[in-house]
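Lettering follows sequence order; numbering is per chain, from 1.
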Number of protein chains: 2
Amino acid sequence: MNALPAGSVDMIFADPPYNLQLQGDLHRPNNSKVDAVDDAWDKFDDLGAYDRFTHEWLSAARRVLKDDGTIWVIGSYHNIFRVGSKLQDLGFWVLNDVIWRKTNPMPNFRGRRFTNAHETMLWCSKSKDSQNTFNYEAMKTLNDDLQMRSDWLIPICSGSERIKGDDGRKGHPTQKPEALLHRVIVAATKPGDVVLDPFFGSGTTGAVAKRLGRHWIGLERDKGYIKLALERIAKVQKAETEMLTIQAKREEPRIPFGWLVERGLLQPGAVLESFNRRWTAKVRSDGTLISAEHRGSIHQVGAAVQGAPACNGWQFWCVPKDGVLVPIDHYRQLLRAELH
Amino acid sequence: MNALPAGSVDMIFADPPYNLQLQGDLHRPNNSKVDAVDDAWDKFDDLGAYDRFTHEWLSAARRVLKDDGTIWVIGSYHNIFRVGSKLQDLGFWVLNDVIWRKTNPMPNFRGRRFTNAHETMLWCSKSKDSQNTFNYEAMKTLNDDLQMRSDWLIPICSGSERIKGDDGRKGHPTQKPEALLHRVIVAATKPGDVVLDPFFGSGTTGAVAKRLGRHWIGLERDKGYIKLALERIAKVQKAETEMLTIQAKREEPRIPFGWLVERGLLQPGAVLESFNRRWTAKVRSDGTLISAEHRGSIHQVGAAVQGAPACNGWQFWCVPKDGVLVPIDHYRQLLRAELH
DNA sequence: AGTAATTTTGAATCGAAAA
DNA sequence: TTTTTCGATTCAAAATTAC
């Protein structure tokens, strides 16, 4: 980080080692062994060593961050209090602590504590008086026209999104879900901004930044991780510029359409067709649509192209799939089931 | 706190000043003024002063806490990182960080941040190796037979629960909901335990502790708050004792397997089958099992035949009876009932 | 080939009593 | 104080195998 020019970065997303301090092995009730995070990079001699490490990288981060930039740091109860205190000590100003609530956390197999079902993110500006970016309207749109809260419900990264190594096993032990980074980046940056991730790992930050038309810088010392990340990001397509500019307001159903984009069920720039194939529209990153002549919510654009007073966009718009049209409501139901 | 005997308290619930550092007045969009927390007790000169205050009261708390007791501290992003770091520095061992998600938080009127919709609680034991109370089954029952997670959805305190002062205005600016304390106390204490709240305020901890049959100690320096709290607690009725006792499975008296043979519930030489019918073993007169290749306790042989690191023999081994497999745990329960 | 059942897995600080 | 034994304990979702 010290090789980068001072004040050159708009946003930092950092996922530092958590210093888990695991003791012995842990087995599930069915006797299978939990594949724990026991990598060398998560080992520190004691709290003091972790504090020094935190001080060093946060100081370096502060230097490269623009005065009006913001920093996000994610962690668990093992490390987040050390990080939070150090951020305050260095003069950062906490804007929010945001809770990532996991839909599918690992259970507590021994029944000795509450299921550890969340992680904490700290969002800070460089000082109390700096002017940070916050795309309030985009967040509100993404949350069914209600203010976005400080607790976010998002599944852990699994399935096809999880990067595999050459051996077919998980490529990185702590890969974060793209939906999480999507919301972070849409909330706190503008297209063209520079996003820095000093603990790049599997490159989730770079992949999402690229898709959303933000520049990215990733720092990583493990060559294996670098290779995986670069291959991954090479496959990502940047969404069209128009899809990335943010629009505001409007009514939407209980599952906001934007969530489908955020969760990767639909990509920014994806083309939707009306059920009768007469009209098409493209999906933008904030969950609005844009057609030849109109832009707005799925309902508004659906109504506008028909010249109708109203329209249920969930039934009107479809995804062309293998020659068949699948109503976007189908995806809403998938997500609704998932979020239960 | 220093007047209390050392090691005399089973649980501490602490709701210290948050050091909110509010700047000017805040108005809602309709121009009404938000009734902020601007009391003298929430004013500190700087972070250093807040840290010294935190160090002092946490040190005192540590002294009065039993070695196997636990402490809960609630806070927001303004202070929780200072508190969490200090807890760790003093040797406390974090068991969970629990998120209180508010169903009805105050909106962010300026639209500059995410709605601050949660507060954080830290639950710590006195050291890594201490044995704290956790009523796992009670929590699981309370959560529809799923493990209780670290994020709790509970409304803020309002309506008739909110204590009013003599002037009819709110009696205490940061009164916590009784539902929150209910879950904390049921989770981490037993009936008859002593609960200490060093920042008693409106006395929520005392009220809930009394109803749940726990003893309580409240420390408060504001005489107005003391008066309100005592009046409030006087109205509370302790629930019936039978409603408060919880019999956890792991606290039931132990029944050696040999007793089943001794009492004639199983005959020496009886053949047991594993629940999946893959293995068999014979019962010996001393209460050990013998299989084709292994001999030892029900647990040891169960583990050995599976090649597993451990096994609960009570659930693994069954008695074939009329074509059905009856777990030997059934006979243990019969004997347990008989022994009363 | 399609559906149902089974197995696998995820940032985890995950015992206590008796000998 | 240390070692051995007892025996309690999991949820959601994807991947794999069985039917």
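Backbone-only contact: B/Glu137 has heavy atoms under 4.0 Å from sugar-phosphate atoms and none from a base. At the heavy-atom level, B/Lys128 lies nowhere under 4.0 Å from the strands shown. Residue B/Ser297 is classed as a sugar-phosphate contact, given heavy-atom separations below 4.0 Å to backbone atoms only. A/Asp42 comes within contact range of at least one nucleobase, with a heavy-atom separation under 4.0 Å. Across all strands, A/Trp41 comes closer than 4.0 Å to base atoms (heavy-atom distances). At a threshold of 4.0 angstrom between heavy atoms, the contacts of A/Arg110 include nucleobase atoms, whether or not backbone atoms are also involved. Residue A/Asp15 is in base contact, counting any heavy-atom pair closer than 4.0 Å across all strands shown. If you check every strand for non-hydrogen atoms under 4.0 Å, A/Lys33 touches nothing. Contact annotation for A/Pro105: base contact, defined as any heavy-atom pair under 4.0 Å involving a base atom. When heavy atoms are screened at a 4.0 angstrom cut-off, A/Pro16 is found touching base atoms of the nucleic acid. If you check every strand for non-hydrogen atoms under 4.0 Å, A/Ser76 touches nothing.
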Exercise. Which dot-bracket string fits DNA chain D when only Watson-Crick or G-U wobble pairs with both atom distances under 3.5 Å count, crossing pairs get [ ], and | stands for a partner on a different strand?
Worked result: .|||||....|||||||||
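Phosphate proximity of C/dA11 to A/Lys176: absent, as no side-chain N or O sits under 4.0 Å from OP1 or OP2.
Aromatic pair A/Trp41/A/Tyr225: centroids not less than 6.0 angstrom apart.
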For this session: Take A/Lys227 and A/Glu231, measure what salt bridge (Lys or Arg N to Asp or Glu O under 4.0 Å) needs, and give me the verdict at the end.
Result: CA-CA 6 Å; A/Lys227 179 167 170 286; A/Glu231 288 169 0; 3.3 Å; yes
For this session: Quick one: do B/Glu252 and B/Arg332 satisfy salt bridge (Lys or Arg N to Asp or Glu O under 4.0 Å)? Show the steps, please.
Result: CA-CA 11 Å; B/Glu252 287 178 308; B/Arg332 176 171 65 160; over 6 Å; no
Exercise. Going through the checks in order, is the salt bridge (Lys or Arg N to Asp or Glu O under 4.0 Å) test met by B/Asp151 and A/Lys102?
Worked result: CA-CA 10 Å; B/Asp151 53 327; A/Lys102 304 178 184 184; over 6 Å; no
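Counting heavy atoms from C-beta on, the side chains of A/Phe53 and A/Asn79 never come closer than 4.5 Å.
Residue-to-nucleotide contacts include a donor-acceptor pair under 3.5 Å from the side chain of A/Arg113 to the base of C/dT13. The base of D/dG7 does not come close enough to the side chain of B/Arg332 for any donor and acceptor atom to sit less than 3.5 Å apart.
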